[in-house]
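The structure appears right after this line, and notes come after that.
Ligands are counted one by one from 1 in listed order, and the atoms in each one are counted from 1 as well. Everything numeric in this text was worked out from a predicted model, so none of it was measured. For the numbers below, each heavy atom of this structure counts, side chains included, while hydrogens, waters and symmetry mates do not.
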Amino acid sequence: MSDQFDYDVVVIGGGPAGYPAAIRAGQNGLKVACVDAWQNRDGKGAFGGTCLNAGCIPSKALLESSELWHRAQHEFAVHGIQASGLSLDLAAMQKRRATIVRSMTGGIAALLKGAGVTAMFGRGKLLAGRVVEVTGQDGKVTQLRARHVVLASGSEPTALKFMPFDGQQIIDSWGALELDAVPKRLCVIGAGVIGLELGSVWRRLGSEVVVLEALESLLPAADAQLAAEAGKHFRKLGLDIRLGAKVSGAQPGKDGVTVRYTDAKGEQSVMADKVVVAVGRRPYTAGLLGEGSGVSIDAHGSIVVDEHCATGAENVWAVGDVVRGPMLAHKAKEEGVAVADRIAGKYAHVNYALVPAVIYTAPEIAWVGQTEAQVRAAGAACKIGVFPFAASGRARAMESSAGFVKLIADAASDEILGVHIIGPMAGELIAEAVLAMEFRGSAEDLQRTMHAHPTLSEALHEAALAADKRAIDNLNR
Ligand code: FAD
Ligand code: NAD
């Protein structure tokens, strides 16, 4: 590196996009700094971004704990376990969540150090000529001259104009993860991924949960058969999902918040002790770009990049939630790593057609590739294999036999076009489908692959067989 620069790479943001970029750049032998502005409630900095501090990890910790509580109450008896005198210790549950978060975020700091990355807590701003101005938590300002800059500043929750977050009654997903009492009445606005996951958590823990969704259908991005099955299970759990509900206002009061909305029947309202607004997230770029940075932002607030995550400003890249595409941690990570390899002159590729989606409800929901509707709209002739978990010995043994695996393959070439799973461990099972599709595998490839018995993965094997009406453990219709 010439004296002209302080670092080969300065990464702004230490979430799932930024920290992997910094680590891979370090592994590539480059001199790297990673600057992160995250501050936890205690004012302390932490790496890991939204995902580790206030998203993926804490939500999965609570989903796991609340599911155990739910099963202990409603499903142990069928196993012959009579558990009387069960009680909920929410403080202990929340302590477990916080401990996991603390240890995981601390782990990132150790990983950065291990890769030789200079980790800094502070706010980075890109100035002209790839100078990054860093304002430390103590207010001290330093300037870093970088050969390459990676922007990975992530996203923030979208607020509704007419009901801004107040941190008390009207809260965002981070607030909903840290409640210290189970609200009697919870209203969730938005039946997207956050609404369904966090709605499930608090419903299982005892809240009456009303979910208001503006669209007329649930999970429009999912395969319709999967979405319909999911809706049945959410309702069975007791989530009161109201579709076609256009929220128009909220009035906080002594007895709770009155949320007003309009649906097909006209003006409606619902009372809640807490309202979680989960209507999507938007790219976060506040204070990120100084005069002359050369970086553009589009109408959605995303940093404009090409297919290689290059911004158009020389040697300035952007990755993760702050750029186009699904706001998912694994997509962010792949982009961060790919950019670090490109900077080092190596080959890198992100396959945007195969970003798996997982919703960690019970049953779990996961998919990759095209839905049946997308395949049909594209005019491709396809064959479809469906295998219900009710026919899986392992799922029956687990008392988790709701749901199915649906595999869609091209009728002519047999290439797998999409896999859609609702059922136990769907988020784990989908990995096999992603791998098969990454290698452009066919239904026959999966059919000829031996799957251990009795495992849940046999359901994917059988769905592939069912696509050719050759399932063994289910009737072929
Ligand atoms: P972020 O994680 O937002 O990280 C950006 C970092 O940059 C932050 O630390 C921020 O403080 C920092 N930063 C911003 N501006 C600056 C600046 N100027 N200077 C320095 N630092 C700055 N995704 C999944 O794939 N699976 C899940 O199960 C999942 N669950 C989720 C649950 C919830 C409740 C939420 C809210 C999100 C969830 N997500 C999940 C989405 C996931 O969290 C994001 O896709 C992911 O965190 C994006 O990573 P990122 O690095 O782009 O951004
Ligand atoms: P989302 O886009 O998944 O869902 C938002 C929902 O709110 C949509 O269904 C939308 O129609 C609805 N909506 C929007 N405005 C509304 C209004 N005024 N009234 C009623 N409904 C309204 O967004 P999210 O659930 O907030 O999640 C944000 C991001 O975080 C997503 O991009 C998601 O990918 C990511 N995330 C992922 C996971 C996961 O991978 N398991 C978990 C949580 C969050």
Side-chain angles (χ1 to χ4, degrees), residues 11-21 34-39 45-60 62-63 105 108 120-126 132-135 151-158 160-163 172-174 176-177 188-199 201 211-221 242-248 259 261 276-289 318-323 325-333 335-336 355-361 364-366 427:
V11 181
I12 303 182
Y19 84 76
C34 182
V35 189
D36 193 280
W38 188 275
Q39 277 189 308
F47 286 97
T50 305
C51 176
L52 274 86
N53 289 288
C56 324
I57 302 306
S59 62
K60 269 76 243 177
L62 287 186
L63 278 156
T105 54
I108 305 289
M120 306 174 185
F121 288 128
R123 188 160 284 278
K125 182 181 204 172
L126 176 64
V132 176
E133 181 185 273
V134 179
T135 306
L151 304 171
S153 53
S155 61
E156 61 177 347
T158 306
L160 291 172
K161 268 202 263 353
F162 46 83
M163 46 189 302
D172 63 11
S173 52
W174 193 9
L177 286 165
V188 182
I189 304 184
V193 200
I194 292 180
L196 293 171
E197 289 186 354
L198 295 186
V201 164
V211 184
L212 300 177
E213 167 58 51
L215 298 177
E216 298 291 344
S217 61
L218 192 62
L219 296 175
R242 303 184 189 174
L243 297 173
K246 313 246 172 338
V247 179
S248 53
V259 180
Y261 65 97
V276 182
V277 178
V279 294
R281 294 177 62 83
R282 59 181 185 198
Y284 180 71
T285 53
L288 178 69
L289 303 172
V319 289
D321 280 12
V322 79
V323 303
M327 290 186 170
L328 294 173
H330 39 284
K331 175 264 193 185
K333 182 181 186 182
E335 287 184 337
V355 179
V358 182
I359 306 176
Y360 298 82
T361 46
E364 227 164 73
I365 298 165

Return yes when Ala278 approaches ligand 2 closer than 4.0 angstrom through a heavy atom, no otherwise. yes
Ligand 2 and Arg281, any nitrogen or oxygen pair closer than 3.5 angstrom? no
Measure from atom 4 (O) of ligand 1 to every heavy atom in Pro356, Gly15, Ala37, Ala21 and give the option owning the shortest one. Gly15
One residue to check: Arg281. Relative to ligand 1, which of side chain, backbone, both or neither has a non-hydrogen atom less than 4.0 Å away? side chain
Without placing hydrogens or testing angles, list every side-chain donor-acceptor pair under 3.5 Å for residues 52-60, not counting sequence neighbours.
from: Asn53; atom 1: OD1; to: Asn40; atom 2: ND2; distance (Å): 3.1
from: Asn53; atom 1: ND2; to: Phe47; atom 2: O; distance (Å): 3.4
from: Asn53; atom 1: ND2; to: Gly49; atom 2: O; distance (Å): 2.9
from: Ser59; atom 1: OG; to: Gly55; atom 2: O; distance (Å): 2.8
from: Ser59; atom 1: OG; to: Cys56; atom 2: O; distance (Å): 3.0
from: Lys60; atom 1: NZ; to: Glu197; atom 2: OE1; distance (Å): 2.8

Sub-4.0 Å atoms of ligand 2 with respect to non-hydrogen atoms of Leu215: 11 (O)
Show which atoms of ligand 2 fall inside a sub-4.0 Å distance from at least one heavy-atom site of Leu160. 18 (N)
Which residue and non-hydrogen atom of the protein lie closest to atom 44 (C) of ligand 1, and at what distance in Å? Asp321 OD2, 3.3 Å
Considering both backbone and side-chain atoms of Val247, is one of its nitrogen or oxygen atoms within less than 3.5 Å of a nitrogen or oxygen in ligand 2? no
Based purely on interatomic distance, does Pro16 place a nitrogen or oxygen under 3.5 Å from a nitrogen or oxygen of ligand 1? yes
Go through ligand 2 atom by atom and flag the ones less than 4.0 Å from a non-hydrogen atom of Val358. 39 (C), 40 (O), 41 (N)
Residues in salt bridge (Lys or Arg N to Asp or Glu O under 4.0 Å) with Lys125, at least two apart? none
Atoms of ligand 1, numbered as shown, that sit under 4.0 Å from any heavy atom of Asp36: 6 (C), 7 (O), 8 (C), 9 (O), 11 (O), 12 (C), 20 (C), 21 (N)
Are Pro157 and ligand 1 in contact, using a heavy-atom cut-off of under 4.0 Å? no
Output the list of atoms in ligand 1 that are nearer than 4.0 Å to some heavy atom of Ser59, sorted by atom number. 32 (C)
Out of all atoms in ligand 2, which are within 4.0 Å of some heavy atom of Leu328? Include the element for each. 34 (O), 37 (C), 40 (O)
Judging by distance only, is a nitrogen or oxygen of Ala191 under 3.5 angstrom from one on ligand 2? no
Looking only at distance, does Ile359 have an N or O less than 3.5 Å from an N or O of ligand 2? no
Closest non-hydrogen protein atom to atom 42 (C) of ligand 1, residue and atom name please, with distance? Cys56 SG, 3.8 Å
Distance filter under 4.0 Å to Tyr360 heavy atoms, resulting ligand 2 atoms: 41 (N)
Heavy-atom distances under 4.0 Å decide this one: backbone, side chain, both or neither, for Lys331 against ligand 1? neither
Near Leu212 (heavy-atom distance under 4.0 Å), the atoms of ligand 2 are 20 (C), 21 (N)
Does Arg281 come within less than 4.0 Å of Glu156, counting only side-chain N to carboxylate O? no
With a 4.0 Å heavy-atom cut-off (strictly under), which part of Pro58 contacts ligand 1: side chain, backbone, both or neither? neither
Using a 4.0 Å heavy-atom cut-off, which part of Val279 comes near ligand 2: side chain, backbone, both, or neither? both
Counting only heavy atoms, which portion of Ala54 has something under 4.0 Å from ligand 1: side chain, backbone, both, or neither? backbone
Should the proximity of Trp174 to ligand 1, defined as any heavy atom under 4.0 Å, be assigned to the side chain, the backbone, both, or neither? neither
Lys246 and ligand 2 - part of the residue with a heavy-atom distance under 4.0 Å: neither
Under 3.5 Å, is there a donor-acceptor pair between the side chain of Thr158 and the main chain of Gly280? yes
Please classify the Tyr284 to ligand 1 contact at 4.0 Å (heavy-atom distances, strictly less than): side chain, backbone, both or neither. side chain
Met327 heavy atoms, cut-off 4.0 Å: which ligand 1 atoms fall inside? 41 (C), 45 (O)
Gly190: numbered ligand 2 atoms lying under 4.0 Å from its heavy atoms: 6 (C), 7 (O), 12 (C), 21 (N)
With only distance considered, is Ser173 within less than 3.5 Å of ligand 1 through an N or O on each side? no
Hey, is ligand 2 close enough to Ile189 that some N/O pair sits below 3.5 Å? no
Indicate, as side chain, backbone, both or neither, the part of Ile194 found under 4.0 angstrom from ligand 1 when only non-hydrogen atoms are considered. side chain
